[in-house]
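Each chain gets a letter, A, B and so on, in the order its sequence line appears, and its residues count up from 1.
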Amino acid sequence: MSGGYRQQPGGAGGGVRKDGKRVAGKLRFTPPGAGGSRPVSDPRNLDGIPESVGGNEPQPAGHHVHDRLRTGTTVGQATALVDANAKITGQAWYGDDVRLPNEIIGRILRSPHHYARIRSIDTSAAEAMPGVLAVATGEDAPKTFGVLPVTKDEHAMAVEKVRHVGDLVACVAAVDEATAMEALGAIVVDYEELDPEFDPRKGLEDVDEPIHWRGKYHVGRTNVQKRVHQAFGDRSNIENAAASSRRAWRFEGVHHGFTEPHAVVAHWDANGRLQLYTPQQVPHYTHRALATVLDVPMHQINVIRTFVGGGFGGKSDPFPHEMCAAILARKSGRPVRITFDREEVYWINRGRHPSYIEVKLDADEDGRVAGLDVDALIDGGAFASFGHVTSYYNGVLATAPYELGSFHYTGARVWTNKPASGAMRGHGAVNTRCAVEVGLDDIAEQLAVDPIDLRLANLLPPHSRTISGFRITSNGMREALRRVREESGWDQKFRNMPLGKGIGIGCGFFISGSGLPIHWDPNRFPHATVHIQVDMDGGVTVHTGAADIGQGSTTAVAQVVSEVLALPLDMIHVRSHESDTSPVDLGSYSSRVTFMNCNAAIRAAMEIRESLLNAAWDMLGYHPTTLVMVDRRIVYKHDPSVGVSYLQALHKAQEDKGALIARGAYRSPPMGGVHKGAAAGLAPAYSFSAYVAEVDVDVETGLVKCTRVWAAHDCGKALNPLAVEGQIIGSCHMGLGQVLSERMTYGRTGHLQNANLLQYQIPSVHEMPHVTPIIVESSDPEGPFGAKEAGEGPLLPILPAVCNAVYDAIGVRPSSLPLSPDVVWGDIQKRMKSEGVEDPLDLESPRLTHGPLQEKLASRAEEHYGRDHARQRTEDTSPYVNGVLFGFDPTRPIDEQLEGWAAIDDPDPESMAEMGYAGRAWLKQEQRHMEGDD
Amino acid sequence: MVGEARVPMLPHAPKTVWKADVNDRAVAVLAPSNAVLLDVLRDNVGQLGVKRGCDLGTCGCCAVLVDGQPRLSCMTLAGDVEGCAITTVEGLADGHHLAPIQTCFAEHGGSQCGFCTPGFLISAQALLVQTSSPTLAEVNEAIEGNLCRCTGFQPIVESVMAAAALLRGEGEAPEPPTHPHADPHPSGPDEPQLPPGHAR
Amino acid sequence: MLTPPFVLHRPKSVEEACAIAAHLASEGRPFDWVAGGTDLLPNYKWHLNPKGDVISLAHVDGADALASDRIGCMARLHDVATSEVVHPLLAAAAAKVASSLIRRSATIGGNLCLDTRCFWYNQSEDWRRSIEWCHKADCGTGADCRVIPNQNTLCVATYQGDMAAAFMALGAEVELVGPNGERRMPLEDFFELDGMKKNVLQPGEFLLSVHLSEDATSRVGAYHKLRVRETWDFPEAGIAASWIPGDAGSLRVASTGLESIPGLHADLVDAHEDWTEKEGRKRLSKALQKAIKPVNNTVLPPRYRRSMVSVLASRALRAIMQED
Ligand SMILES: Cc1cc2nc3c(=O)[nH]c(=O)nc-3n(C[C@H](O)[C@H](O)[C@H](O)COP(=O)(O)OP(=O)(O)OC[C@H]3O[C@@H](n4cnc5c(N)ncnc54)[C@H](O)[C@@H]3O)c2cc1C
Ligand code: SF4
Ligand code: FES
Ligand code: FES
């Protein structure tokens with residue numbers, strides 16, 4: 001027998017053959033009793049132990065509360081994913097790889113209409129077909145669900161109305177796929193077509209048949225699902241603006257484009273419990289939704305998360321097809337597997353909202369950002385999904401990293417008859433960020449200053465508060481900007497390159513976990529909980545509900561536990577697939593996993609550590625404060641030859657009790673303001689990033705090629721630099737897709753024209769620039785070992801960096817994405833016309849001569865550098881709020897100091913309507929405020 | 001009124017015995033005449049390591065080696081490759097030995113969610129069999145038919161380059177992917193035997 | 001995605017292939033040829049005009065011949081792209097087709113006989129049902145064309161094969177075989193201006209090989225392809241040009257990816273003998289742009305694709321003069 005990968009217990013150890021192949025098998029596991037694979041433990045790795053506790057690891061950003069838990073085992077070291085072996089040998093099991101005995105195949109009947117009322121569905125012919133085991137329709141599951149409890153507007157299958165082409169109408173389970181497809185054809189549906197709407201701008205108008213009806217909260221008879229208004233600061237600051245930039249943007253919708261299509265397997269076991277296998281980022285919400293829709297208690301459902309072939313937000317809603325599989329399995333009594341075609345993946349969508357965003361920036365004569373006005377109209381498609389939150393994020397996540405004189409936001413999300421938009425990597429922040437950063441570039445140009453200096457002179461410092469009341473803790477923005485400037489050779493290149501070559505800057509700011517959970521019940525329930533169990537064999541089993549979607553969260557959890565307990569990684573076993581065994585975790589969204597789950601894991605590991613130290617105290621007579629954990633040993637600090645092995649201490653601790661069991665939980669601290677929507681955008685920490693991108697533009701064809709990217713991201717502390725760099729480079733790729741070629745194209749008839757990976761153009765390896773990832777570590781005081789997020793924030797800056805580089809290259813400033821060649825070519829043609837140039841090769845690229853303000857900004861930036869350094873290291877702990885740059889005293893409430901400074905005016909519909917499309921949503925009244933009309 | 005015409009999917013096409021060598025193992029399964037290799041490999045032969053990302057030639061997740069040539073199994077009629085030697089990701093390891101390309105993917109972050117990995121491994125392996133000193137352009141060309149949404153390709157290219165270096169006998173063999181400190185087995189030739197729990 | 005059921009036939013020789021074709025015809029069973037399957041399989045998975053029988057040319061003896069003067073229909077594009085013997089223009093064009101993985105399967109014959117493409121058409125059955133079909137695959141409804149409405153007689157789907165332009169620029173001829181014997185014709189006569197019929201192949205006939213004359217070997221050529229990504233993407237526009245260096249009158253220019261068939265622009269070229277001069281080149285490029293009228297059924301808008309014709313043409317012309 002040869003071929004195939006096998007474990008090889010008992011083989012010769014550790015060998016690497018001369019031909020480079022390595023003997024697998026024996027390496028991976030630790031024989032019981034030895035407390036590790038090797039009788040000799042490693043000496044303490046001082047390079048992995050921070051300065052503050054006597055090691056060699058430098059801490060430019062100051063010390064951290066978790067420093068004393070560091071043992072130099074794995075944290076901060078490039079670590080291969082702990083599940084990598086499954087992935088490289090083909091053993092990783094994704095949704096469609098779950099094959100249960102006796103399985104049957106489910107297929108879904110989808111709406112051919114954009115918008116229609118269902119008069120009747122006749123499934124009798126389908127049911128009568130040989131080989132068909134179950135047929136279900138909306139009637140089988142009338143209860144609504146949705147990821148947010150405030151907007152549950154989805155059904156397993158359409159009830160009453162279908163709302164977009166591809167909406168689920170019925171489903172069939174049969175012995176094979178062909179039979180199931182044939183049966184779908186035998187289902188007769190009688191539709192009454194309704195007038196569909198595809199343009200979100202028209203969604204603001206009253207219509208006969210709004211896509212959903214929200215009762216007394218419905219805004220007029222429009223298709224507005226959610227509208228938001230926020231205003232802070234002093235509007236009078238913008239009256240004497242020295243420079244202002246107003247741009248109306250159009251962003252096309254984009255899709256996550258994960259490689260694994262959705263797939264689900266449902267099986268009701270012999271005890272009548274549902275076992276549901278699904279590649280979910282957020283198994284817990286699916287769990288809740290299943291319980292509601294199927295009308296069974298949660299404890300009768302076991303949600304098993306398979307390996308997830310990419311998520312990026314697109315696998316974080318509870319999905320109707322998950323309900324369908326469960327319903328079909330219940331009806332047929334057989335396991336049912338449903339796997340999507342790529343086209344169906346686009347129909348379920350949840351990608352980034354197509355948006356109309358208008359951003360207005362004003363700067364005063366000191367180069368301060370006196371005003372930032374954002375108006376965002378976002379196209380939600382047919383369902384709410386995460387949209388309630390997205391509506392806020394499109395504005396509020398623009399309130400940092402710059403200090404603002406005033407901030408005004410109007411946002412609206414409307415329903416249209418298109419597949420639902422939802423959360424996608426960089427949720428809600430990406431498009432507005434792009435518009436803001438391009439606006440700043442414009443401002444810098446008008447003020448004749450360097451755009452990096454403009455940014456450096458306007459940054460909020462660490463440990464401060466934004467204009468909307470977000471609590472900023474660690475902040476590596478300044479370092480990120482300084483490093484990309486230096487490494488990219490910015491000062492030599494900017495406004496200095498030949499026509500067609502350009503360089504641009506962009507920054508980013510993102511939440512590291514959302515401060516509030518989506519569900520309120522049960523009250524004060526932790527966001528993340530981790531259980532650790534250590535039995536007599538010494539192996540450590542970690543139970544967590546955190547969903548590894550390829551970002552390496554399982555590895556991160558294993559790493560922190562291994563770090564605290566000073567055990568090699570192969571002694572840590574993470575169990576995270578089943579809701580039966582894993583404690584509730586809210587899931588992989590909002591970049592919350594590392595921050596929350598690792599904090600919970602550290603707490604649980606600390607408990608185990610304490611038991612071990614106490615046992616060692618018993619045995620050695622030295623108090624725990626004088627003991628240190630070394631690789632599989634606990635030794636006396638001042639004489640490392642005195643100590644006990646890990647197993648000795650463990651067995652001592654287990655006397656009379658058995659396995660050590662510990663639990664750790666994380667809930668974010670209370671924070672934030674009291675205004676409406678204050679909770680949106682609150683996070684226990686924020687990440688910051690700055691990118692410089694270089695582009696080549698073919699001035700004759702308009703083709704843009706990004707050639708180099710320097711990407712600095714502040715992730716607090718890189719627990720696993722390999723994973724952080726992977727996230728940065730991967731984010732660049734995804735962001736590049738949105739800025740250069742990706743778009744969900746809806747044709748003139750409202751049909752999604754490119755529901756496939758050929759015409760939905762994700763950049764290939766050839767379009768990928770060389771990326772230099774730069775990790776900035778600002779050591780967050782509340783993050784696990786100082787860590788913050790690295791999964792979403794790094795996507796933000798690439799879009800504006802490329803847009804600004806395109807301007808540097810050819811002097812046209814984009815106002816829509818993607819920058820597909822036809823669009824860029826069109827812009828170039830316009831510029832040629834306006835300048836009377838015949839040949840695009842004769843165009844001139846923009847140049848910069850510094851104005852008088854440059855000097856001033858540079859020196860302010862230098863001053864702030866010292867300020868920020870002291871604050872970051874908590875050498876300066878004075879309060880700081882947005883507004884200090886404008887002359888306020890942070891120790892007194894701002895609104896007491898200046899009349900003009902206010903939080904939230906009462907919305908005045910007329911003035912809001914001037915803001916842009918979304919502002920116009922306020923011209924209508926909610927039903928409850930309307931007279932006699934329902 | 002929306003057209004109701006449907007292309008009939010039944011009756012099934014006639015089935016015949018399909019034979020091939022899959023990962024050095026002779027297999028014979030009953031497959032319909034219109035079967036696509038990907039379906040046969042996954043559903044009949046049971047090689048679930050071969051992934052279906054798009055079924056339309058645009059992602060490369062389904063790549064396998066057919067007589068040593070990398071081919072998209074979703075774009076290949078099973079009948080056309082009858083009797084061929086087919087290697088899937090499961091067959092890259094040689095018995096107990098992972099191929100260098102496999103370990104390098106783990107070590108260099110070439111695999112994140114892992115769904116694209118089987119396809120990339122196949123494309124890369126096909127290249128490395130041809131040359132152990134590929135240029136960057138050659139690596140790019142070899143993997144241009146594979147889509148990865150997680151890694152941004154750069155770590156994948158690095159993995160391939162590292163594996164090539166290994167094959168040339170340059171560079172250190174990477175550490176085992178799940179273990180940052182490779183521990184020689186306790187009964188290794190020059191390790192002292194100590195009773196459990198009595199380290200040093 | 002399942003293809004509808006069909007029976008796969010695997011002839012081992014040209015004669016056997018013709019015999020199977022004749023037999024199927026006599027039984028009134030419609031069928032398709034399949035070569036590499038990289039175009040046919042997606043179409044079948046989308047349920048686009050599937051047939052109950054499919055004859056694979058993959059095992060036809062000698063069909064994969066690869067020589068400087070003759071390329072068999074089963075020659076794989078990967079082999080063409082890496083071949084030392086074929087004309088460099090063909091190798092270069094082949095290297096730009098689809099992706100390296102697809103090129104391992106894709107063939108010359110399949111590329112030339114490629115089905116025309118349109119975003120109203122290259123979609124799943126469910127998708128097309130939602131637009132109530134279109135003329136090219138109307139499911140018996142007599143549906144209209146979605147690109148040029150109010151006429152249900154003409155399909156203007158776009159031919160997006162890369163190789164045709166390169167072959168035409170070299171003056172290639174194609175050899176067809178079928179139940180009624182063999183015939184040979186210049187490649188430009190092979191295509192028929194009809195998005196549905198596409199070419200002159202008669203029922204039961206297939207393209208056996210492509211022939212290149214002596215003249216082709218002495219030609220210097222270039223192929224410029226407009227696409228957003230350097231892999232996967234079909235040509236949104238493609239211009240191939242070649243000449244025998246020094247002989248301005250020998251210029252041949254062909255375009256693809258722009259209309260329902262690829263085109264050889266002999267008349268325009270003849271009218272611009274001064275193309276070796278900068279101004280003449282400009283005029284010829286503009287004239288080509290004027291002559292070609294793409295429609296809106298591919299990824300990029302037709303106005304833009306049309307404008308790119310002159311850019312690609314002048315680049316190709318500059319390239320064959322080896323000016324840059
Ligand atoms: C993702 C993707 C990207 C692509 N990108 C490109 C691209 O950039 N440029 C490009 O040109 N093509 C592209 N293609 C299309 C296709 O891969 C190539 O054109 C390929 O050369 C077709 O060859 P084949 O052998 O696979 O054709 P097949 O699929 O086998 O056949 C194609 C058609 O031709 C007919 N046929 C095949 N051989 C013969 C013959 N000898 N005689 C008569 N009829 C015959 C078949 O009946 C069928 O209708 C792409 C395909 C995919 C899936
Ligand atoms: S051009 Fe018209 S008839 Fe032809 S495929 Fe497109 S829509 Fe159909
Ligand atoms: S599944 Fe074959 S290329 Fe995507
Ligand atoms: S690792 Fe996820 S798609 Fe490549």
Contact class of [X] relative to chain B, heavy atoms under 4.5 angstrom:
X	result
A106(C)	neither
R10(C)	side chain
P50(C)	side chain
D138(C)	neither

Quick one: of H47(C), E125(C), R229(C), E230(C), who has the most non-hydrogen atom pairs under 4.5 Å with chain B?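 Of the options given, most contacts go to E125(C).
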Most heavy-atom pairs under 4.5 angstrom with chain B, which of S100(C), G140(C), A98(C)?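 So the answer, after comparing S100(C), G140(C), A98(C), is S100(C).
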Do F234(C) and W232(C) have ring centres separated by under 6.0 Å?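 Here the rings of W232(C) and F234(C) have centres that are no less than 6.0 Å from each other.
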Salt bridge or not for [X] and [Y], using N-O below 4.0 Å?
X	Y	answer
R71(B)	D80(B)	no
R103(C)	E144(B)	yes
D64(C)	R76(C)	no

For each of R52(B), E82(B), H12(B), tally heavy-atom pairs with chain C at distances under 4.5 Å, and name the one with the top tally.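 Looking at each option in turn, the highest pair count goes to E82(B).
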Return the option, out of N146(B), T76(B), V36(B), with the maximum number of heavy-atom pairs under 4.5 Å with chain C.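 Result: the option with the highest number of such pairs is N146(B).
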Please work out whether the ring planes of Y44(C) and F6(C) are parallel, tilted or perpendicular, with thresholds of 30° and 60°.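 Perpendicular: the ring planes of Y44(C) and F6(C) meet at over 60°.
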Would you mind checking which part of [X] comes under 4.5 Å of any heavy atom in chain C, side chain (CB onward), backbone (N, CA, C, O), both or neither?
X	result
P14(B)	side chain
L38(B)	neither
C62(B)	neither
A35(B)	neither

Could you go through T88(B) and E90(B), starting from their C-alpha distance and side-chain angles, then the distance that decides it, and tell me whether this counts as side-chain hydrogen bond (donor to acceptor under 3.5 Å, both in side chains)? CA-CA 5 Å; T88(B) 70; E90(B) 289 103 328; 2.6 Å; yes
Verdict with supporting geometry, Q123(C) and S130(C), side-chain contact (heavy atoms from CB on, under 4.5 Å): CA-CA 11 Å; Q123(C) 302 281 4; S130(C) 77; over 6 Å; no
Just by distance, no angles: are the side chains of T298(C) and E236(C) close enough, under 3.5 Å, to form a donor-acceptor pair?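 Yes, side-chain donor-acceptor contact under 3.5 Å.
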